[in-house]
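Scroll down for the structure; my scribbles are underneath it.
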Amino acid sequence: MENDLLSAPTESFVTVWTKGFRVSEDSDEFQRVVPPKDDFLLSLESELQKSKVWPSVLEPLYGLAEHELSTQRCMLVRSDEIGVFAVSRSEDKHSRPNLVVVLVAARIDWRDQDLGNLVARLSNLAGRLSKHFSATFRRNPTEVQAQLRAANFLSDRKYNISEEPPSAIIDWGAIINTVRKWRGIQGVSTLKLATLGANIVLGTRGEAERLASRIDGYIDMRTLQIVPLNPSLTPWAKPDEIPVGGHTSSLQETPPSLPVTSKSEDQLASIEQSLKEISGSVSRIADVFLGISEGLLKIFSGGTRRDR
Amino acid sequence: MDAQSFLQTVLPAGEWSNINVVSADGLMSGRDWAILATADWQRRGEVAAFIKFIRAAGPTAGKDTHIVTNAERLRQIEARLQKVRQSRNIPVVPILEIRMILDKGLLLAMERVQIVQTLIDSGKAGRDLATKLLIQLNPDKIQSPQIWHHFDVCARNIGITRDGRPVFIDIESIYFETDGNIAVTVPVFKPWRLPQALKNEVLGGTRAEGIIIQMSAQLANQKLKSEIILAAAECCLGAIPHPIDPLDWLASFSGNKQALTFLEALSLLSKGKEVDLDGLAAMIQAIVPSADPIRAPSHPVDPSPPNPTSDAAPISSTPSPAASDWEALHETLTGQARALRRAELTKDEITKYREQLEQITAQFPEALPVWNELLLVAISYELDRDRAFLVVNRALDIHGDDKGLKQWKQILSTWKAT
């Protein structure tokens with residue numbers, strides 16, 4: 001039943017947004033079309049319902065080439081839920097560009113060894129459905145409008161995720177492994193979907209720094225490790241208690257939510273991180289001065305020799 | 001609203017795409033009871049699907065329509081098919097969805113498969129496929145908690161999946177045993193595909209009211225094996241022409257070891273003996289090294305309309321140079337007979353075909369095969385009990401000794417009129 005949100009691990013929930021259909025709102029504006037009502041939403045879905053992110057999310061997407069749009073993904077993580085977004089292009093009834101956003105979310109347990117594989121399947125399903133729905137929504141057919149309003153567009157918005165092949169576009173296994181090591185992660189995203197609420201981007205330092213106000217770190221695509229940009233992210237203080245592979249030495253600090261350290265340890269970790277960064281900055285400044293000194297020395301030495 | 005628009009309205013647009021109606025008529029009837037269509041199913045990737053949507057009888061539906069497609073019956077069919085789906089060992093076509101859609105009707109959706117009849121007709125069947133059918137459809141090897149029976153096994157109702165497995169289609173013809181018997185509503189199987197003795201036993205099993213045939217589980221097993229053997233034989237030898245008894249057909253391949261092997265097996269079954277299909281498959285594999293199908297000797301009657309065979313009917317009526325006028329006339333309807341069995345005729349075309357047959361019997365009352373064809377049309381395609389009664393009584397006035405006609409009259413007598 002829809003109200004049984006304590007779903008089995010292999011169940012995922014599909015949510016769809018687009019414009020041109022009057023379903024959850026009494027207008028043609030961009031809105032949620034699956035499910036039509038606010039009942040029985042996962043907490044991730046409820047958060048999005050209340051947020052005002054959509055204009056800032058959608059605007060930069062209209063100009064993307066088809067291939068770039070189809071590879072955009074955003075994964076949001078919570079203590080017991082994970083969801084992946086995908087976007088496709090469509091057309092409204094006035095032949096204007098339209099976007100179809102699909103979220104596929106599932107209840108999870110961070111101790112699950114196969115979490116990366118699950119996320120890869122969520123990603124594949126989100127991408128596949130967004131592409132299919134973009135064709136179905138094209139020009140906002142009236143029979144589709146009727147089905148959306150009557151909640152008949154899908155026979156069931158729960159999908160058995162174990163039947164979905166995992167996506168190979170992004171190495172979700174490696175990403176989940178690195179996410180496990182850090183505290184403060186809200187989500188991981190490709191660049192163009194980061195405004196959905198992710199605070200880690202898949203990209204370079206430069207790209208991440210351009211999004212500085214929203215982003216706390218980036219994933220180095222060579223090492224597939226999170227590199228923090230500010231103290232918002234902290235590694236778990238006791239690595240051997242992190243439930244990597246489902247094993248932990250301390251049951252008290254074990255999920256279902258992410259492990260929690262004491263406040264004083266938080267503060268120490270934060271100070272340590274700050275000191276590291278200052279140390280790094282000082283080193284870099286020293287390097288610069290050394291370089292300038294050597295350069296000046298060469299100039300004066302070289303000039304004296306010429307005069308001879 | 002046309003069938004295409006109707007389907008697009010009732011099927012969830014988020015799960016179904018590329019819907020194309022194949023035929024708006026039922027497989028075994030000229031009525032508009034079922035819509036057949038191909039489509040792509042998007043719930044689990046893009047699966048090529050075949051849809052049969054049985055429309056629920058509306059408040060203004062006629063008597064026969066109400067019998068076959070009232071909501072209660074559709075729910076019973078749904079329950080039975082869900083049971084088939086859950087019986088994972090029965091080799092049926094992969095079922096995608098079975099559910100009632102509001103008050104509109106029953107949706108049956110299954111993976112699209114390659115029909116064995118098509119392979120036979122195009123000469124692409126062959127020995128390897130024959131042995132595959134014998135081994136993988138062998139009912140003795142299929143573990144099921146409940147005895148089951150597919151009532152209409154023929155090459156047209158066997159498909160090959162994408163991964164090469166033979167499976168039964170026409171899943172509504174699958175029934176389960178209760179109290180040692182298999183009870184089947186609407187005898188739509190093809191009696192001419194059984195050896196005479198076995199056919200008589202099956203047709204003689206009417207014991208209940210309504211259009212029901214009761215068979216013992218053992219008889220059902222014999223019938224099923226017989227039909228699988230015949231389908232396998234057709235893979236090797238080509239489609240059986242009509243109106244030939246399968247044993248006579250196989251016997252006509254003089255000197256052909258494969259035909260002889262199939263003939264021996266079918267003969268044993270018709271006498272109530274046990275036949276091991278795995279052993280038969282091994283023998284067929286061993287006989288001919290080539291996997292190519294052997295072309296059947298060209299039968300003069302190729303393939304004329306089928307009819308329930310009887311002792312009085314000529315076994316392989318050859319239109320000799322001195323062929324009678326009615327046979328020549330009957331042959332002109334061969335194309336329509338084929339189209340009827342492929343469910344390609346509309347309701348009006350079936351009526352026209354029936355009228356042409358009636359013209360022949362009016363001119364040539366001695367044309368027993370044509371009477372049998374008329375009976376077939378009335379029973380299996382028009383589902384018209386009154387007309388069927390009329391036909392069988394008129395036919396018996398002329399062919400009073402024909403056992404087949406007498407059996408059909410007995411069956412029709414128990415066809416409950418409502």
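Note on naming: letters A, B, ... go to the chains in the order of the sequence lines (proteins, then strands), and numbering restarts at 1 for each one.
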(request) Among the options B:Arg99, B:Glu97, B:Glu46, B:Arg44, pick out the one with the most heavy-atom pairs lying under 4.5 Å from chain A. (result)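 Option with the greatest count: B:Arg44.
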(request) Please determine if B:Arg80 forms a cation-pi arrangement with B:Phe176, meaning its NZ or CZ atom is less than 6.0 Å from the six-membered ring centre and no more than 45° off the ring axis. (result)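 No, a cation-pi geometry is absent between B:Arg80 and B:Phe176.
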(message) Check the orientation of A:Phe85 and A:Trp54. Use parallel for under 30°, tilted for 30 to 60°, and perpendicular for over 60°.
(response)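 Geometry flag for A:Trp54 against A:Phe85: perpendicular rings.
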(message) Quick test of your reading: applying side-chain hydrogen bond (donor to acceptor under 3.5 Å, both in side chains), list the pairs with at least one residue in residues 105-119 of chain B, sequence neighbours left out, ordered by first then second residue.
(response)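 Counting only pairs at least two positions apart or across chains, the side-chain hydrogen bond (donor to acceptor under 3.5 Å, both in side chains) contacts touching residues 105-119 of chain B are B:Gln117-B:Asp121.
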Heavy-atom proximity to chain B below 4.5 Å, by part of [X]:
X        : answer
A:Glu163 : both
A:Ser155 : both
A:Phe133 : side chain

(request) Kindly write out the residues that satisfy salt bridge (Lys or Arg N to Asp or Glu O under 4.0 Å) with B:Arg43, not counting sequence neighbours, or none if the list is empty. (result)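 B:Glu15.
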(message) For the interface with chain B, which of A:Gln147, A:Glu164, A:Glu143 has the highest count of heavy-atom pairs at distances below 4.5 Å?
(response)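 Maximum pair count with chain B is reached by A:Gln147.
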(request) Go through the atoms of B:Leu11 and report whether side chain, backbone, both or neither lie under 4.5 Å from a heavy atom of chain A. (result)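 When you check distances to chain A, only backbone atoms of B:Leu11 fall under 4.5 Å.
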(request) Could you give me the CA-CA distance, side-chain angles and deciding distance for A:Arg32 and A:Glu45, then say whether salt bridge (charged side-chain N to carboxylate O under 4.0 Å, His left out) is met? (result) CA-CA 10 Å; A:Arg32 193 190 68 236; A:Glu45 294 164 327; over 6 Å; no
